[in-house]
Amino acid sequence: MESAKTRIQDSTTLQEILSQPLAWQESLRSLETNSNIETILEKASSAKEFLFIGCGTSFYLAEAAAASWTVLTGQPTRALPASELLLFPALSVPRNTQPLAVIISRSGSTSEAVRAASFLAREARIPTLGLTCSPSSPLASECELTIELSSANEKSTVMTRSFTSMLMVLQYLAGRKSGTKTFCDSLEKLPDGCSALLQSFSERTYAFLGNRLFDDYVFLGQGPFQGIAREASLKVTEMSCSFSQAYHTLEFRHGPKAIVSPATCLTFFVSESGAQAECNVLAEMKELGGVVITICNRANKTIRSCSDLVFELGLNAPEIATLAPVVVPAQLLGFYAGIKKGLNPDSPKNLSRVVLLD
Ligand code: F1P
């Protein structure tokens, strides 16, 4: 087997994780020359509600984007896995609603996502927007309009920069739709604000894991950070084949905390609006003997005294604008946990880059 050092040095996945600030910059810049944007914003201006759809990582992206749209536009925005729409259409799109649907798929080929787009456009007669990282995709053939972010695509199976870049593009559109230019400006500043952080985050994650091997991982987040917690959990499972769960932070007290031990790694996404309540849970889990990682924009006294590892971004940005950057430490955690277990995140066990159904 290749040494850990070789697997790290040669890793495409790690290179893609560390390239995210550049991918964000190129993705946001591509909107400036995208002739579809004005038409998309015009369609969005007449919609009263929105439905974001995806599979796997793209579903959790849909969740984080839907939370962003709801907060930024004040209009109800839901997220669903494509399978829910296909199996339970009346539940997913109640007959008296007329949402604008956004179907998200890095590959643009995932069977469930393409079938969902086809159902919405051809049967439910619902306006559809596609968001992908792949050119000339089956998804684009089904959607009325499609945004293609080729600079955010990955060679890897595991989605990292495609997740954060597509999320930021959807957040940018919400900012444009709601006329909050300051929010769009804060997104455009993120690449500069984060590029210096990533290398140190990478080194600190590798050092923290050292010879630790955890039995299980827990990711906790409230509000717009819940979708981020679920994506973080998936990253650790995909790259390290570890058991990982995600919960609303305060929900964790209601039973799941039974598992907490020194072999449990709990990662808290601490928000600004819910910090006090979230930090009470953090301190309690530390007391129970768990190993605590905190990812936040600004750390407080409880975070510093009760965490075994703190990732503090220190960005001068609204809370919603931090959703993409805060997932990066969790991507690194998943990557290095896999390396420490002797795995190769570039070739994740059992996974394919696209799930194609017969
Ligand atoms: C969705 C997805 C990924 C997963 C794996 C298989 O892909 O489920 O989330 O990590 O790569 O495909 P897509 O629809 O966004 O291309």
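Atoms within a ligand are numbered from 1 in the order they appear, just like the ligands themselves.
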Say whether [X] and ligand 1 are in contact under the criterion: heavy-atom distance to a ligand atom below 4.0 Å.
X	result
Ser162	no
Val158	no
Cys55	yes

Could you check whether Asn297 and Thr322, counting side-chain N and O atoms only, form a donor-acceptor pair closer than 3.5 Å? no

Looking just at side-chain N and O atoms, do Ser271 and Gln222 make a donor-acceptor pair shorter than 3.5 Å? no

With heavy atoms only and a cut-off of under 4.0 Å, state how Glu238 meets ligand 1: side chain, backbone, both or neither. side chain

Any heavy atom of Ser109 under 4.0 Å from ligand 1? The part involved is neither

Answer yes or no for Lys340 and Tyr206: cation-pi contact, defined as NZ/CZ to six-membered ring centre under 6.0 Å and angle to ring axis within 45°.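 That pair qualifies as a cation-pi contact.
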
Is it true that the NZ or CZ of Arg204 lies under 6.0 Å from the centre of Phe311's six-membered ring and within 45 degrees of the ring axis? yes

Protein heavy atom at shortest distance from [atom]:
atom	answer
atom 5 (C) of ligand 1	Ser352 O, 3.6 Å
atom 9 (O) of ligand 1	Thr57 N, 2.8 Å
atom 14 (O) of ligand 1	Thr110 OG1, 2.5 Å

Quick test of your reading of the structure: of Arg106, Met166, Glu154, Met159, whose heavy atom lies closest to atom 3 (C) of ligand 1?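 Result: the heavy atom closest to atom 3 (C) of ligand 1 is in Met159.
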
From atom 16 (O) of ligand 1, work out which of Ser58, Ser137, Ser107, Ala82 has a heavy atom at the shortest distance.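 Result: the heavy atom closest to atom 16 (O) of ligand 1 is in Ser107.
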
According to the salt bridge (charged side-chain N to carboxylate O under 4.0 Å, His left out) rule, which pairs have a member within residues 47-59, sequence neighbours left out? none

For Glu38, which residues count as a salt bridge (charged side-chain N to carboxylate O under 4.0 Å, His left out) partner, sequence neighbours excluded? Arg176

